[in-house]
Amino acid sequence: MVVDKGGDGGSPPFRDQLAEAMRGMKEEARLSYGKLAEKTHYSRSSWERFLNGKQLPTTVAVEEFAAATGADADVLLALLAKATAYEELRAARQQQAAAPHPAPEPAAAPASTPTSAQAPVPATTTGPANVPATAHAPQASAAAPARRPRLREWKGHARTAALVVAGALVGSIATVVIGGGPGGGAAADSSRAGAQPSGSAAGAQASSPRPPACSADTCLRREPQAMDCHWDGTTVRETWLRGLKIQLRYSAACRAVWGRIENGTVGDSVTIKDKGGREESATIRVDNDTYTRMLAVSADAPPDSVIICGQIPRYQESECSPLGAVLP
């Protein structure tokens, strides 16, 4: 995520802290930018931007950096979470400041009362008949100044509301800058938990809103999403190749598995093969991820008997799980 360092003067503090920590770890590991590029899925220029504070690295980039340098990934991920929260809040403040604020409309003037309604009913008395008409004028003019107190009262309410909003905004900014957002370190831990799924809980999905459209052999070579098998999909095996995440996904409701790769580039591929020799493959055509069609599993051929491999043709490299499995 590229974020402009300007805008409110000075450099974003948490991004600078993250970049400084990563530079120190790189020096301790005695790795050049070129060596980092060889050990990870990111180019030399990308690492130069990350470590010079010109761009925030992604979660995957931080994890790969920690693996390449032998550093503590949790420390770097905590700094990344704080930097991301700080810069998102700053961007929201800038957008709010740039938004036009319409002027408040004045209070509506009270409707004037018809003159005829104010005219007194002639009294049947024996007094003088030619009473001057101006005798009742003070009653009509007395209602005119009534608008001024109402306008002053509205201005007082508006000033009070503005002070309350300003105080709340300052308090929320202080919370994020000092403690890294509500919950402090707990927020960073929760963001790491969402970014680093592991084991069978990694792919846990919400329960399906409708039953799957296939089961076991009827799912063979079918699309997992088209058959609604992805709702309860879990990751039963996972491996990595130069930042390419390679996963074997399993649906208990459909009794089927499929392969998936993420963080790849066009041309990268994934292949799965069961113990009976049936296999499915998929290649990234656009974007950075893809998945295969499904293979059925059973008690005699459980999910852990399926081999999954990821390939990066431009490096002529592949990685399989279980380790040492022969590429299908």
Side-chain angles (χ1 to χ4, degrees), residues 41 58-60 63-64 77 189-312 318-323 325 327-328:
H41 193 240
T58 63
T59 301
V60 173
E63 292 170 346
E64 290 188 28
L77 289 172
D189 290 341
S190 63
S191 66
R192 292 198 299 273
Q196 282 186 287
S198 61
S200 60
Q205 303 288 338
S207 57
S208 173
R210 52 184 177 271
C214 68
S215 177
D217 289 340
T218 59
C219 291
L220 184 63
R221 308 190 191 286
R222 309 291 291 273
E223 290 273 356
Q225 292 191 9
M227 296 293 104
D228 289 321
C229 295
H230 63 293
W231 291 104
D232 70 328
T234 59
T235 299
V236 295
R237 187 176 296 142
E238 182 178 282
T239 187
W240 293 79
L241 175 64
R242 286 182 174 267
L244 179 68
K245 183 187 290 187
I246 307 163
Q247 295 179 321
L248 181 66
R249 303 281 290 170
Y250 167 65
S251 166
C254 293
R255 290 186 290 167
V257 296
W258 62 95
R260 182 175 72 180
I261 52 176
E262 296 179 335
N263 305 322
T265 57
V266 173
D268 295 349
S269 63
V270 56
T271 302
I272 58 174
K273 184 177 182 179
D274 64 14
K275 62 188 302 183
R278 292 174 297 191
E279 65 180 64
E280 287 292 334
S281 298
T283 301
I284 298 178
R285 303 299 182 189
V286 294
D287 212 346
N288 58 7
D289 59 1
T290 190
Y291 58 89
T292 69
R293 294 175 181 267
M294 294 185 286
L295 293 177
V297 296
S298 63
D300 296 331
D304 58 7
S305 67
V306 178
I307 299 172
I308 181 167
C309 297
Q311 301 90 35
I312 304 181
S318 64
E319 181 74 21
C320 294
S321 180
L323 294 177
L327 180 67

Discussion item. Checking Ile308 against Val270 for the side chain to side chain contact (heavy atoms under 4.5 Å, CB included) test, could you report, in this order, the C-alpha distance in whole Å, the side-chain angles of both residues, the deciding distance, and whether it holds?
Written reply: CA-CA 7 Å; Ile308 181 167; Val270 56; 3.9 Å; yes
Fill in: Sidechain-backbone polar pair: Asp289 side chain, Arg260 backbone, donor-acceptor under 3.5 Å
no
Worksheet item: What are the two closest heavy atoms between Cys214 and Met294, and how far apart are they?
Response: SG-CE, 4.0 Å
Discussion item. Let me confirm one number: the CD-CG distance from Glu63 to Leu77, rounded to the nearest 0.5 Å.
Written reply: 5.5 Å
Discussion item. When you measure from the side chain of Ser251 to the backbone of Cys229, do you find a donor-acceptor pair of N or O atoms at a distance under 3.5 Å?
Written reply: yes
Worksheet item: With no hydrogens and no angle check, do the side chains of Thr235 and Arg249 hold a donor and an acceptor under 3.5 Å apart?
Response: yes
Discussion item. Do Ser281 and Thr271 pair up side chain to side chain, a donor and an acceptor below 3.5 Å, judged on atom types alone?
Written reply: yes
Worksheet entry | Pairwise distance CD1(Ile272) to OH(Tyr291) - rounded to 0.5 angstrom | 12.5 Å
Discussion item. So, taking the atom named CD1 in Ile312 and the one named OG in Ser318, what distance separates them when rounded to the nearest 0.5 Å?
Written reply: 9.5 Å
Fill in: Thr292 side chain to Gly259 backbone, donor-acceptor under 3.5 Å
yes
Practice prompt. Assess whether side chain to side chain contact (heavy atoms under 4.5 Å, CB included) is satisfied between Leu248 and Val306, documenting all intermediate values.
Written response: CA-CA 8 Å; Leu248 181 66; Val306 178; 4.1 Å; yes
Item to complete: Return the minimal non-hydrogen interatomic distance between Pro302 and Ala299, and the atom names on each side.
Response: CD-O, 3.8 Å
Fill in: Asp300 backbone acceptor or donor facing Lys275 side chain under 3.5 Å
yes
Worksheet item: Measuring from Ile307:CD1 to Cys320:SG, what's the distance to the nearest 0.5 Å?
Response: 7.0 Å
Practice prompt. For the pair Arg237 (side chain) and Asp304 (backbone), establish whether a donor and an acceptor sit closer than 3.5 Å, ignoring hydrogens and angles.
Written response: yes
Worksheet item: Does any N or O in the side chain of Arg221 come within less than 3.5 Å of the main-chain N or O of Glu279, such that one atom is a donor and the other an acceptor?
Response: yes
Item to complete: List the steps, then state whether side chain to side chain contact (heavy atoms under 4.5 Å, CB included) holds for Glu238 with Ile246.
Response: CA-CA 6 Å; Glu238 182 178 282; Ile246 307 163; over 6 Å; no
Item to complete: Enter the distance from Arg293:CZ to Leu295:CG here, rounded to the nearest 0.5 Å.
Response: 11.5 Å
Practice prompt. Please confirm whether the backbone N or O of Gly276 pairs with a side-chain atom of Asp274, one donor and one acceptor, at under 3.5 Å?
Written response: yes
Worksheet item: Rounded to the nearest 0.5 Å, how far apart are CE of Met227 and OG of Ser215?
Response: 12.5 Å
Fill in: Cys254/Cys219 sulfur atoms closer than 2.5 Å
no
Worksheet item: Where do Asp268 and Thr283 land on the side chain to side chain contact (heavy atoms under 4.5 Å, CB included) test, with the steps shown first?
Response: CA-CA 6 Å; Asp268 295 349; Thr283 301; over 6 Å; no
